[in-house]
Trainee: 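Here you go, one structure.
Order of the sequence lines fixes the chain letters, A, B, ..., with proteins taken first and strands second; residue numbering starts at 1 for each chain.
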Amino acid sequence: MDKSMVVSVLEGIATLLELKGENPFKSRAYRTAARVIDTLPEELSDLIAQGRFKGIKGIGEGIGEKIIQLVTTGNLPYYEELKKEFPPSLLELLDIPGVGPKRAKVLYEELGIKDIDSLEKACKEHRIAGLAGFGQKTEENILLGINQFRSFSAYHRYGDLVDIVEELLDYLKKNPSIVHVHVAGSFRRGKEIVKDLDFLCTSKNPGAVMDYFVQFPQVRRIVNHGETKSTVIFDKGLSCDLRVVPDEDYAYALLHFTGSKEHNVALRQRAIAQGKKLSEWGLFQLSKLEEKPVAESESEDNPQTMQPQESKIFCRTEKDVYAALGLAYIPPELRENMGEIEAAQNNEIPRLVEWEDIRGVFHCHTTESDGRSSLEDMAKAAMEMGLEYLGIADHSKSSFQANGLSEERVYAQLDKIKNMNSRLQNFRLLSGIECDILKEGKLDFSDTLLEELDYVVASLHAGFSNDEEDNTQRLIKAMENPYVTMLGHPTGRLLLVRKPYPVNMEKVIDCAAKTGTWIELNAQPMRLDMDWRLWKSARDKGVKCVINPDAHHVKEIGYYKIGVNIARKGWLRKEDVINCLSLNDITKALQIKGRKKTPF
DNA sequence: GCCGTTTTCGGCCCGACTGTTTTCAGTCG
């Protein structure tokens, strides 16, 4: 039993204890233990075998013994017994916003509700409002929560699909009868939310490819197993198609199945205007009708008296197809029919930023606040990834829930960073803070402290109201502070979980341009905030982007690559992204940035 | 269930918000 399985068992116990209404500190102890195990650099089995498992902070006698039992026997009777007390489907209810363990327990015990469907039914029959502690409003909110959950669960976050896409590509490439294979669809376009996966390959033996595809180990259900197209379902209801086409049609098919629909429609209209026809099966030159009249004898059987003749325009790559339409190559990320066709016609498609351009990142957390990796480990990981600098930005004191740093702890961390930097070569840790934006745009720390740091990320975490003007003014006020270098996750959205708080982004972007504040492209797969749809106009107003992983673990530093996808969707070039600057240049930029001269 | 310069019991992170209440419980971050 590996670490991640132990972590999920401990978290499962914590959830079940909450449902039971046990001492909340007991369930918290299990959550803490899960977190500690998740953070351990070593394998549990090694620690136990070498007798070094005792004495880890957060894991006492009780939980410690359970973990040992779990790791050595692969089973934990305590957990199995706990699970028997509630139907497994009851845990679904906790996914509904507004339903926590206490309410789930009451719903189950009083009304026998054990899954989302029965909860929805009870709401509609107004049986919820009568329960003690529940009212009409709660009933309405739960129903809204169910609708939200349902509408979101049909979609998947890009970042959550990266692994399975790579695994399936590797798997398909191992099959000798597959010549070319590519992921297409909205995943290839780098959309932050993806409904299903589309794969495309070429082969002379489609049947064998289809048989191989449906045997992919992650397949949970086969929906369709055809000759040239199959559909399967992975975990979490993720649907995935694979199509096989002849090798000579690959370019057209890849273009077609990459989309977007809107982009394809625009391309087809362009083709028609040029006397051509574009489909997934090819690009065809249509001959003029009068040149090829259909023979009279044939026309009697055919209501159409004229048959246009088609001749296929041979294209080996997508680039060839675009060229045949008089267009420069359009990268998949831009294919949203948002100006890319006009740009391609005028040869104005920019050279988009690539992840290899990134030289360092800001906004990373450590164990000092709510991160799960130490400062030392984060620095080491960043160096190993070939980055030149790593910005640390732990939470500020108002973020209690994230163990935000007090002034004293900020100064202590600053000293530690200076000390580490004195021993580092060709790499630098940058000292920063993710400073909470409080009511009325006040910052969580005084300017005196902020001035000491290399940079400041200002973020809104709590207390955002439903008043757009109020939220907007808070962000603006924060950006006007001369020590605020960048605005963190500007809209606060959590993809498929929480909508952005109401904020006038146009005003925020204008203020960023005016004050020279950088805007973050937070690359946490849950956030990807600011949205790609806003970047092009922000760029045109002179706003600089900073792609940050918002990493809470060494493994999350690499999230910046997902951020680069989004930056590309936002038409950003290397020169628009601040962290494409070398360590030398970033140091200079921070000297100006952190001490903005103009008072606002 | 964990922990200890408040040490073997008693506290454990804090505050906003909402909706339910008549002083507070549940949820969320």
Trainee: What is the separation between atom CG on A/Leu94 and atom C1' on B/dG26, rounded to the nearest whole Å?
Mentor: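 To the nearest whole Å, that distance equals 13 Å.
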Trainee: Would you please confirm or rule out a distance under 4.0 Å between OP1 or OP2 of B/dG19 and any side-chain N or O of A/Asn141?
Mentor: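 True: A/Asn141 side-chain N/O within range (under 4.0 Å) of B/dG19 OP1/OP2.
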Trainee: Measure CD/A/Glu434 against C1'/B/dG29 and give the value in whole Å, please.
Mentor: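 Rounded to whole Å, this separation is 13 Å.
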Trainee: Provide the distance between the two P atoms, one in B/dG26 and one in B/dT21, to the nearest whole Å.
Mentor: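 Taking atom P in both B/dG26 and B/dT21, they lie 12 Å apart.
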Trainee: Taking atom P of B/dC17 as reference, at what distance in whole Å does atom OH of A/Tyr501 sit?
Mentor: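 About 15 Å, once rounded to whole Å.
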Trainee: Looking across every strand, which nucleic acid part, if any, lies under 4.0 Å from A/Arg31 by heavy atom: base, sugar-phosphate, or nothing?
Mentor: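 Contact class for A/Arg31: none.
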Trainee: Within the structure, does a side-chain N or O atom of A/Thr138 lie under 4.0 Å from either OP1 or OP2 of B/dT20?
Mentor: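 A/Thr138 to B/dT20 OP1/OP2: side-chain N or O found under 4.0 Å.
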Trainee: Set out, in order, the CA-CA distance, both residues' side-chain angles and the distance that settles salt bridge (charged side-chain N to carboxylate O under 4.0 Å, His left out) for A/Glu368 and A/Arg409, then state yes or no.
Mentor: CA-CA 9 Å; A/Glu368 193 61 28; A/Arg409 288 169 62 207; 3.1 Å; yes
Trainee: Regarding A/Pro24, tell me which of base, sugar-phosphate or nothing describes its non-hydrogen contacts under 4.0 Å with the strands shown.
Mentor: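 If one applies the 4.0 Å heavy-atom cut-off, A/Pro24 turns out to touch nothing in the nucleic acid.
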Trainee: Across the strands shown, which category fits A/Lys66 at heavy-atom distances under 4.0 angstrom: base, sugar-phosphate, nothing?
Mentor: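 Sugar-phosphate, backbone atoms only, no base.
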Trainee: Starting from P on B/dG1, measure out to CG on A/Leu17 and report it in whole angstrom.
Mentor: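 Result: 8 Å.
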Trainee: For A/Lys102 and B/dG26, give me the distance from atom NZ to atom P, rounded to whole Å.
Mentor: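 That distance rounds to 4 Å.
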Trainee: Report yes or no: is the ring centroid of A/Phe25 under 5.5 Å from the six-membered base ring centroid of B/dC12, with the two planes under 30 degrees?
Mentor: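 Here the ring of A/Phe25 and the base of B/dC12 are stacked, with centres under 5.5 Å and planes under 30°.
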Trainee: Between B/dC9 and B/dC14, how far apart are the two C1' atoms, rounded to whole Å?
Mentor: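 About 24 Å, rounded to a whole number of Å.
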Trainee: Taking only the C1' atom of each, what is the distance from B/dG29 to B/dC13 in whole angstrom?
Mentor: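 Between the two C1' atoms, the distance is 12 Å.
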Trainee: Rounded to whole angstrom units, what separation is found between the CG atom of A/Asp550 and the C1' atom of B/dG29?
Mentor: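 The distance from CG of A/Asp550 to C1' of B/dG29 comes to 14 Å, rounded to the nearest Å.
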Trainee: Rounding to an integer number of Å, can you tell me how far A/Leu10 CG sits from B/dC2 P?
Mentor: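 Distance check: A/Leu10 CG to B/dC2 P gives 11 Å.
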Trainee: Between B/dC13, B/dT27, B/dT20, spot the one nearest the side chain of A/Phe400, thanks.
Mentor: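 That would be B/dC13.
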Trainee: Starting at the 5' end of DNA chain B and moving along, which residue's nearest nucleotide shows up first, A/Gly133 or A/Val99?
Mentor: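 The answer here is A/Gly133.
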Trainee: Report yes or no: does A/Tyr501 contribute a side-chain atom to a donor-acceptor pair with the main-chain N or O of A/Pro490 at less than 3.5 Å?
Mentor: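 Indeed, once roles are kept as given, a pair shorter than 3.5 Å links the two residues.
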Trainee: If we count only N and O atoms by modelled type, under 3.5 Å, do the side chains of A/Asp115 and A/Ser118 hold a donor and an acceptor together?
Mentor: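 A donor-acceptor contact under 3.5 Å links the two side chains.
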Trainee: For A/Gln473 and A/Glu469, which I'm curious about, is there any donor-acceptor pair between the side chains at under 3.5 Å?
Mentor: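 Yes, a side-chain donor-acceptor pair sits under 3.5 Å.
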Trainee: C1' atom, B/dG10 versus B/dG15: distance in rounded Å?
Mentor: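 After rounding to an integer number of Å, I get 24 Å for this pair.
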Trainee: For A/Leu107 and B/dG26, what is the distance between atoms CG and P respectively, to the nearest whole Å?
Mentor: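 So the CG-P distance, A/Leu107 to B/dG26, works out to 12 Å.
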Trainee: Rounded to whole angstrom, note down the P distance from B/dT27 over to B/dT20.
Mentor: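 B/dT27 and B/dT20 have their P atoms separated by 13 Å.
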Trainee: Do A/Arg157 and A/Leu496 have side-chain heavy atoms sitting under 4.5 Å apart?
Mentor: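 In contact.
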